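From a predicted model like this one, the values you see are computed outputs, not experimental measurements. Sequence lines set the chain letters: A, B, ... in the order given, protein chains first and strands last, and positions in each chain run from 1.
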Amino acid sequence: MTTVRIPADWPTTEAQARAVQDELRSRVDPREAGPPPGTGTVTGVDVAYDDERDVVVAAAVVLDAGNLEVVEEATAVGRVCFPYVPGLLAFRELPTVLAVLDRLTAAPGLVVCDGYGRAHPRRFGLASHLGVLTELPTIGVAKNPFTFTYEAPGERRGSTSPLVDAAADGEEVGRAVRTQDGVKPVFVSAGHRVRLDTAVAHTLHLTPRYRLPETTRRADALCRRALAEATR
DNA sequence: GCGACAG
DNA sequence: ATCTTGTCGC
């Protein structure tokens, strides 16, 4: 099995990685509304690790945005090239994610990332970074509020509340979104070429039944399966 | 200095 | 992320 090639200039140190974020941040397009939910395709990407064996597997699953059925799936196997450091997740995940997107024949459409976009200490999370490198519209949907704060949204599906950075006088960096009645919210932020309100609409469109978007559920299941196979 | 911290 | 059994509930 071929392994993902890591770019020669990929950052090695935390300081280099932070400098890359500060450099690329200005390329984020925060103004486009983004594609409307329910049309075209929508793609989920996720990554699974085996740190013992130093292996990382990424999966991409393209869905028809109208009926949420699978259009195409792809996986890519790589080597761990950066440790997990809060705020620098992209440097760990992106080489393999870029490779798996390259393997798709279908147009990805909007890409849904497991993590953050604008909701990031330097406003340049995984989804923002992926968007800038591919020029695809991206959003981040995370399972945890990271360092940010929020008031619980209403109990009903569709309720939202601001996700704020208390350290930046309450700037709204994303939204807590209740995707199912009475279930813990998810944390949505804009990536590249998609505004926050559109990102929230996509998130609700992708969660007819479960807490997490169908895109992330599908990609998560696929990369775990592929890791188990790549590891034996 | 200490703790917290997407995946 | 990953390590891990059963268990409560629709």
J.: Is there a donor-acceptor contact under 3.5 Å from the side chain of A/T41 to the main chain of A/P108?
T.: yes
J.: Would you confirm whether A/R195, through its side chain, and A/R31, through its main-chain N or O, come within 3.5 Å as a donor-acceptor pair?
T.: yes
J.: Mark yes or no for whether A/D165, through its side chain, and A/A167, through its backbone, hold a donor-acceptor pair below 3.5 Å.
T.: yes
J.: Can you list, by residue number, the residues of residues 78-92 of chain A that have a non-hydrogen atom closer than 4.0 angstrom to DNA chain B?
T.: A/Y84, A/P86, A/G87, A/L88, A/L89, A/R92
J.: Grouping I, L, V, M, F, W and Y whenever their side-chain heavy atoms are under 4.5 Å apart, do A/V132 and A/V111 come out in a common cluster?
T.: yes
J.: Would you jot down, in residue-number order, the residues of residues 114-133 of chain A having a non-hydrogen atom under 4.0 Å from DNA chain B?
T.: A/D114, A/G115, A/Y116, A/H120, A/G125, A/L126
J.: Keeping A/T3 on the side-chain end and A/G78 on the backbone end, is there a donor-acceptor pair under 3.5 Å?
T.: no
J.: What is the distance, rounded to the nearest whole Å, between atom CG of A/D51 and atom C1' of C/dA1?
T.: 8 Å
J.: Return yes if a side-chain donor-acceptor contact under 3.5 Å exists between A/Y150 and A/E172, otherwise no.
T.: no
J.: Side chains of A/T207 and A/R157: donor-acceptor distance under 3.5 Å anywhere?
T.: yes
J.: Show me, range against range, the stems involving DNA chain C, built from at least 3 consecutive Watson-Crick or G-U pairs below 3.5 Å.
T.: none
J.: Side chains of A/E32 and A/H192 only: does a donor on one sit below 3.5 Å from an acceptor on the other?
T.: no
J.: Look only at the side chain of A/E72 and the backbone of A/A106, and say whether a donor-acceptor pair between them is shorter than 3.5 Å.
T.: yes
J.: Is it the case that more than 12 heavy atoms not belonging to A/D169 sit under 6.0 Å from its CG atom?
T.: no
J.: How many whole angstroms separate atom CG of A/N144 from atom C1' of C/dT2?
T.: 14 Å
J.: Has A/R25 got a side-chain atom pairing as donor or acceptor with A/R122's backbone, closer than 3.5 angstrom?
T.: yes
J.: Just the rounded figure in Å: distance from C1' of C/dC3 to CG of A/L227.
T.: 14 Å
J.: How does protein reach along nucleotides 4-10 of chain C, written 5' to 3' as B (base within reach of a heavy atom under 4.0 Å), S (only sugar-phosphate), or - (no contact)?
T.: -------
J.: Judged by atom type as modelled, is there a donor-acceptor pair below 3.5 Å linking the side chain of A/T231 to the main-chain atoms of A/A228?
T.: no
J.: Can you see whether A/T160 engages A/R175 through a side-chain donor-acceptor pair at a distance of less than 3.5 angstrom?
T.: yes
J.: Within the distance-only criterion (no hydrogens, no angle test), does the side chain of A/D50 pair as donor or acceptor with the backbone N or O of A/R53 below 3.5 angstrom?
T.: yes
J.: Would you say A/Q180 and A/R211 are linked by a side-chain donor-acceptor pair, where the criterion is simply a distance under 3.5 Å?
T.: no
J.: Base, sugar-phosphate alone, or nothing: which one does A/D46 contact when heavy atoms must sit under 4.0 Å apart?
T.: sugar-phosphate
J.: Using chain A heavy atoms and a threshold of under 4.0 Å, write down where along DNA chain B the contacts begin and end, 5' to 3'.
T.: B/dC5 to B/dG7
J.: Which class fits the ring pair A/F124 and A/H129: parallel under 30°, tilted 30 to 60°, perpendicular over 60°?
T.: tilted
J.: List DNA chain B stems (3 or more consecutive Watson-Crick/G-U pairs, under 3.5 Å)?
T.: none
J.: Check whether any side-chain N or O of A/S189 sits under 3.5 Å from a backbone N or O of A/G117 as a donor-acceptor pair, and report yes or no.
T.: yes
J.: Within 45° of the ring axis of A/F91 and under 6.0 Å from its six-membered ring centre, is that where the NZ or CZ of A/R18 lies?
T.: no
